[in-house]
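Lettering follows sequence order; numbering is per chain, from 1.
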Amino acid sequence: MPELPEVETIKRELSPWVVRQSFTQVAILDDKVVSDTPVEEFRRRLIGQRIQNMERRGKYLIFKLSNGESLIMHLRMTGTLLLKNPERIDRYIRATFHFSNGIQLLFRDPRRFGKMWLVANAESIVGKLGPEPLSGGFTPDILAQGLSKHCIPIKAALIDQNIVAGIGNMYADEALFAARIHPLRKADSLSSEETRTLYYSIRQVLCSAIDRKGASVDTYFRPDGQLGLAQFDFKVAHRSGQSCSACGTPLQRVLVRNRGSYFCPNCQPYTEVLQFDFPVSYGALWD
DNA sequence: CTTGGGACCTGGCTGC
DNA sequence: TGCAGCCAGGTCCCAA
């Protein structure tokens with residue numbers, strides 16, 4: 001599934017082909033992919049526009065247009081953007097874009113969850129997202145502040161796009177394993193040391209996955225059709241029934257907010273901080 | 001306000 | 001072999 005590393009890879013590999021090019025044809029094969037704008041208006045407003053730049057915000061891909069508007073895409077579960085290859089044209093192509101340099105871009109999405117928006121102000125779509133985890137503005141303190149306001153499982157907090165942008169089910173599991181934190185720990189119960197470790201784990205996991213061009217599980221392909229390699233680095237995600245690579249203990253699966261979450265019960269023991277369950281005078285014994 | 005659960009969607013897998 | 005039923009999960013929406 002496209003999460004931050006996959007969307008970042010798509011942005012990097014697609015940019016050289018489409019930036020500074022103009023839309024010459026737009027075909028919407030499934031009206032459901034266009035949000036908030038009638039399909040004909042969407043096509044009319046897009047054709048002739050030149051792409052000035054490509055950006056990524058969380059899991060959103062943003063094409064900045066010459067008229068100041070933004071074409072925004074979200075690939076959700078199974079969406080992918082492919083440079084045209086006759087072998088890859090199938091019934092799952094939901095939209096096609098032709099550019100002034102002859103390039104054709106295909107929006108492919110078997111499960112039809114992916115969406116596009118054409119808006120004057122990108123902030124109307126991405127404005128409420130939390131901080132970018134790889135930006136300079138994201139610090140251990142910012143993460144701690146975000147987590148301290150929520151009494152929900154840490155796994156649920158990590159995939160909440162309003163707390164940190166871009167982390168989904170796979171990389172949340174990977175970051176929690178790297179930080180040796182149980183997915184059901186309450187977000188506001190982490191010690192400052194744990195939060196700090198989690199902060200570096202998030203950045204390390206995401207950076208490594210970008211280096212490996214994303215994880216090709218399900219239907220993720222890079223724009224040229226190649227696979228990503230990050231799935232080979234996974235320690236827990238999508239490793240149902242396997243053993244922990246660190247200690248050999250069988251990995252376990254638990255549902256968190258109806259999402260399958262994989263973890264190692266030995267490396268990530270459930271050690272809820274006791275201060276919330278005992279009077280302060282007893283809590284002091286553990287300080 | 002917060003938190004949690006279901007809906008959306010369909011290919012692929014399981015089990016009878 | 002055929003097929004019903006379930007699972008996957010990002011985000012939205014609604015209920016408590």
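For A:Arg253, a side-chain nitrogen or oxygen approaches OP1 or OP2 of C:dA8 to under 4.0 Å.
Spacing between atom CG of A:Asn258 and atom C1' of C:dG10 amounts to 13 Å, rounded to whole angstrom units. Distance NZ (A:Lys32) to P (C:dT11): 14 Å, rounded to an integer number of Å. Distance, A:His74 NE2 to C:dG9 C1': 11 Å, rounded to whole Å. To the nearest angstrom, C1' of C:dG10 lies 13 Å from CZ of A:Arg257.
Once you apply a 4.0 Å limit to the heavy atoms of chain A, the touched nucleotides of DNA chain B run 5' to 3' over B:dT3 to B:dG11.
Taken residue by residue, residues 156-175 of chain A places no heavy atom nearer than 4.0 Å to DNA chain B. Contacts with DNA chain B (heavy atom under 4.0 Å) in residues 145-154 of chain A: A:His150, A:Cys151, A:Ile152, A:Pro153, listed by number. Listed in residue order, the members of residues 115-127 of chain A having a heavy atom less than 4.0 Å from DNA chain C come to none.
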Under 3.5 Å, sequence neighbours excluded: what are the donor-acceptor pairs made by side chains of residues 36-43 of chain A?
from: A:Glu40; atom 1: OE1; to: A:Arg43; atom 2: NH1; distance (Å): 3.0
from: A:Glu40; atom 1: OE2; to: A:Arg43; atom 2: NH1; distance (Å): 3.4
from: A:Glu41; atom 1: OE2; to: A:Arg45; atom 2: NH1; distance (Å): 2.6
from: A:Arg43; atom 1: NE; to: A:Val26; atom 2: O; distance (Å): 2.5
from: A:Arg43; atom 1: NH2; to: A:Val26; atom 2: O; distance (Å): 3.3

Per-pair distances, 0.1 Å, donor-acceptor, side chain in residues 120-129 of chain A, under 3.5 Å, sequence neighbours excluded:
from: A:Asn121; atom 1: OD1; to: A:Glu123; atom 2: N; distance (Å): 3.0
from: A:Ser124; atom 1: OG; to: A:Asn121; atom 2: O; distance (Å): 2.7

Side chains of residues 249-265 of chain A: which donor-acceptor partners sit under 3.5 Å, not counting sequence neighbours?
from: A:Ser261; atom 1: OG; to: A:Lys155; atom 2: NZ; distance (Å): 2.5
from: A:Ser261; atom 1: OG; to: A:Arg259; atom 2: O; distance (Å): 3.2

Side-chain donor-acceptor contacts of residues 141-148 of chain A below 3.5 Å, not counting sequence neighbours, with atom names and distances?
from: A:Ser148; atom 1: OG; to: A:Ala144; atom 2: O; distance (Å): 3.3
from: A:Ser148; atom 1: OG; to: A:Gln145; atom 2: O; distance (Å): 2.9

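Using a 4.0 Å heavy-atom cutoff across all strands shown, A:Met1 reaches sugar-phosphate atoms only and no base atom. Contact annotation for A:Arg112: backbone-only contact, meaning every heavy-atom pair under 4.0 Å involves sugar-phosphate atoms and none involves a base. Using a 4.0 Å heavy-atom cutoff across all strands shown, A:Lys128 reaches no nucleic acid atom at all.
Residues A:Ile181 and A:Ile154 meet the side-chain proximity criterion, which asks for heavy atoms closer than 4.5 Å. In this structure, the side chains of A:Met116 and A:Ile72 stay at 4.5 Å or more apart for every pair of heavy atoms. Between A:Phe97 and A:Leu46 the shortest side-chain heavy-atom distance falls below 4.5 Å.
Between the side chains of A:Ser66 and A:Gln52, no donor-acceptor pair of N or O atoms lies under 3.5 Å. With no hydrogens or angles considered, no side-chain donor-acceptor pair links A:His182 and A:Gln268 at under 3.5 Å.
The base of C:dG9 has none of its N or O atoms less than 3.5 Å from a complementary donor or acceptor on the side chain of A:Arg76. Side-chain atoms of A:Arg259 come within donor-acceptor range of the base of C:dT11, with a qualifying N/O pair under 3.5 Å. Scanning atom types as modelled, one donor and one acceptor separated by under 3.5 angstrom connect the side chain of A:Arg111 and the base of C:dA8.
Sequence neighbours left out, the pairs with a member in residues 205-214 of chain A that pass side chain to side chain donor-acceptor pair (under 3.5 Å) are A:Gln204-A:Ser208, A:Arg212-A:Asp233. Listed by first and then second residue, the salt bridge (Lys or Arg N to Asp or Glu O under 4.0 Å) pairs that reach into residues 49-62 of chain A are A:Glu8-A:Arg56, A:Arg56-A:Glu132, A:Arg57-A:Glu132, sequence neighbours excluded.
Taking a cutoff of 4.0 Å between a charged side-chain nitrogen and a carboxylate oxygen, A:Glu194 and A:Arg180 do not qualify as a salt bridge. No salt bridge links A:Arg76 with A:Asp109; every basic N to acidic carboxylate O contact stays at or beyond 4.0 Å.
When all heavy atoms are compared, the tightest approach of A:Ser35 to A:Trp117 is CB-NE1, 3.4 Å. Across all their heavy atoms, A:Phe99 and A:Ile51 have their closest contact at CE2-CD1, 3.5 Å.
Taking the C1' atoms of five terminal pairs at each end of the helix from B:dT2-C:dA16 to B:dC16-C:dG2, the two resulting helix axes are inclined by 50°, rounded to 10°.
Applying the side chain to side chain contact (heavy atoms under 4.5 Å, CB included) test to A:Cys151 and every residue at least two apart in sequence or in another chain returns A:Lys186, A:Asp188.
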